[in-house]
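What you see below is based on every heavy atom in this structure, not just the backbone, and it leaves out hydrogens, waters and symmetry mates. Just follow the structure's listing: the first ligand is 1, and inside any ligand the first atom is 1.
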Amino acid sequence: MSILVVGEQRDGTLNKMSLETVAAAQQFGAELSLPVHAALFGKGAEQAAAELAASKLDKVHVIEHELLDVYTPDAAALAVRQLVEKLGARLVLFPHTYQVRDYAPKLATAMDRVLVSDVIAHKREGDTTIFVRQLFQGKVNADVHCTGEPPFFASLQAGSFRADTREPGSAPVEKFTPSIEASQVRSKPLELFRESTRAVDLGAADIIVSVGRGIKDPENLPMIEQLAEALHAEIAASRPICDNGWLPMERQVGSSGQTVAPKMYLAVGISGAIQHLVGMKGSKIVVAINKDPEAPIFEIADYGIVGDLFQVVPALIEELKK
Ligand SMILES: Cc1cc2nc3c(=O)[nH]c(=O)nc-3n(C[C@H](O)[C@H](O)[C@H](O)COP(=O)(O)OP(=O)(O)OC[C@H]3O[C@@H](n4cnc5c(N)ncnc54)[C@H](O)[C@@H]3O)c2cc1C
């Protein structure tokens, strides 16, 4: 019995949510007294495995097969299933990425199980592990536990577990070759049609000033730029700002943008929709400026300023300049 983390990589670059999943798996492993393994598949897996292997893990498995070079849910589900069965994994954890949403439910169903998806926390009640996941756009938290025989499958929401709590180590890397026939892979992927350029690495910023629809007009953005400059911060935004082309897509934070965890995240005129929160709730300190005292962003903010951003931001800039 073991815990298996199935991480994600593309062309040798590890998706950082994989490290959050490893940190979570280490906690679960300590609680359940189970060894923790990790795995990666796809072209470049061996290269990305080196980063995973710098963790306290029993083993990192590189799942290799030419039919995994280009991602398909059929091949991914077949390959991971064979490793799960080989290891006799009790708990299989995934980062809740778009790719995982694609193949992990299929894998769980193929093994006559369910996937507990988008988990935000966990607790222990006696011998039982309880997963917490949100319903109705984050308005309700539900406690879920798995019954029946393992393996149990769960995917973890971005930012729910902190990658910097991961215990370092040096794990052995081992190759695993699943048996997959071309006839079992039913989809034929075409070219990737849209990728953000990621010229800005928001992940590396200590302070982020993030702007939302409260800014009303792109003509007002220079005020936010001044605030960012005064704080030596990077600028980010909610999705509508990037969708409107007011700021480049690479500055979008959230479930379909970047995941960030700076020392301070200053949200200006952002309501705090769940899709935005998942991208920034790992921030150490969250400051929110919003004129609506009921805005959901205040639920996770450490400091909140209820007020008109067109008054608050200039006053802040003035103070910072002093
Ligand atoms: C599949 C999917 C993926 C998504 N991915 C993302 C994502 O990655 N990132 C993301 O951000 N969103 C994402 N969204 C969109 C998300 O649901 C919200 O619509 C979006 O985050 C709202 O952006 P906002 O907070 O800027 O705007 P709004 O929700 O319109 O909020 C504007 C806020 O500004 C405040 N405000 C207005 N005027 C002022 C003022 N003068 N002073 C102070 N405050 C003021 C208002 O009170 C309000 O709270 C996604 C949605 C879907 C369905």
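Each of the following atoms of ligand 1 lies closer than 4.0 Å to a heavy atom of Gly307: 42 (N), 43 (C). Every atom of ligand 1 is numbered from 1 in the order shown, and the set under 4.0 Å from a heavy atom of Gly257 is 8 (O). Interface atoms of ligand 1 facing Asp308, defined by a heavy-atom separation under 4.0 Å, are 40 (C), 41 (N), 42 (N).
Within the structure, ligand 1 lacks Gly279 among the residues with a heavy atom less than 4.0 angstrom away.
Under 4.0 angstrom from ligand 1, the non-hydrogen atoms of Ser271 come from both its backbone and its side chain. Under 4.0 Å from ligand 1, not a single heavy atom of Ile297 appears. If you look at Ser238 next to ligand 1, the close heavy atoms, those under 4.0 Å, come from the backbone and the side chain alike.
The shortest N or O to N or O distance between Val253 and ligand 1 is below 3.5 Å. Considering backbone and side-chain atoms alike, Ile289 places every N or O at 3.5 Å or more from each N or O of ligand 1.
Relative to atom 7 (C) of ligand 1, the option among His276, Glu294, Gln252 with the closest non-hydrogen atom is Gln252. Evaluated by nearest non-hydrogen atom to atom 5 (N) of ligand 1, the leading choice among Pro240, Pro293, Ser256 is Ser256.
With respect to the salt-bridge test (charged N to carboxylate O, under 4.0 angstrom), the residues Glu229 and Lys321 do not qualify.
A parallel orientation is assigned to the rings of His37 and His61, their planes being inclined by less than 30° (bins at 30° and 60°). Between Tyr265 and His276, the ring planes are tilted. Angles from 30° to 60° get that label.
Shown are Ser255, Ser155, Ser117; of these, the side chain to side chain donor-acceptor pair (under 3.5 Å) with His96 is made only by Ser155.
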Under 3.5 Å donor-acceptor pairs involving side-chain atoms of residues 168-184, not counting sequence neighbours:
{"from": "Glu174", "atom 1": "OE1", "to": "Lys59", "atom 2": "NZ", "distance (Å)": "3.0"}
{"from": "Gln184", "atom 1": "OE1", "to": "Glu181", "atom 2": "N", "distance (Å)": "2.7"}

With a cut-off of 3.5 Å and sequence neighbours excluded, list every side-chain donor-acceptor pair involving residues 280-291.
{"from": "Lys281", "atom 1": "NZ", "to": "Gln157", "atom 2": "OE1", "distance (Å)": "2.6"}
{"from": "Lys281", "atom 1": "NZ", "to": "Ser160", "atom 2": "OG", "distance (Å)": "3.3"}
{"from": "Ser283", "atom 1": "OG", "to": "Met280", "atom 2": "O", "distance (Å)": "2.5"}
{"from": "Asn290", "atom 1": "OD1", "to": "Asp292", "atom 2": "N", "distance (Å)": "2.8"}
{"from": "Asn290", "atom 1": "ND2", "to": "Ile270", "atom 2": "O", "distance (Å)": "3.1"}

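Put simply, the side chain of Val80 reaches to within 4.5 Å of the side chain of Phe41, judged on heavy atoms.
A donor-acceptor pair is defined here as one N or O able to donate and one able to accept, closer than 3.5 Å; no such pair exists between the side chain of Arg213 and the backbone of Ser271.
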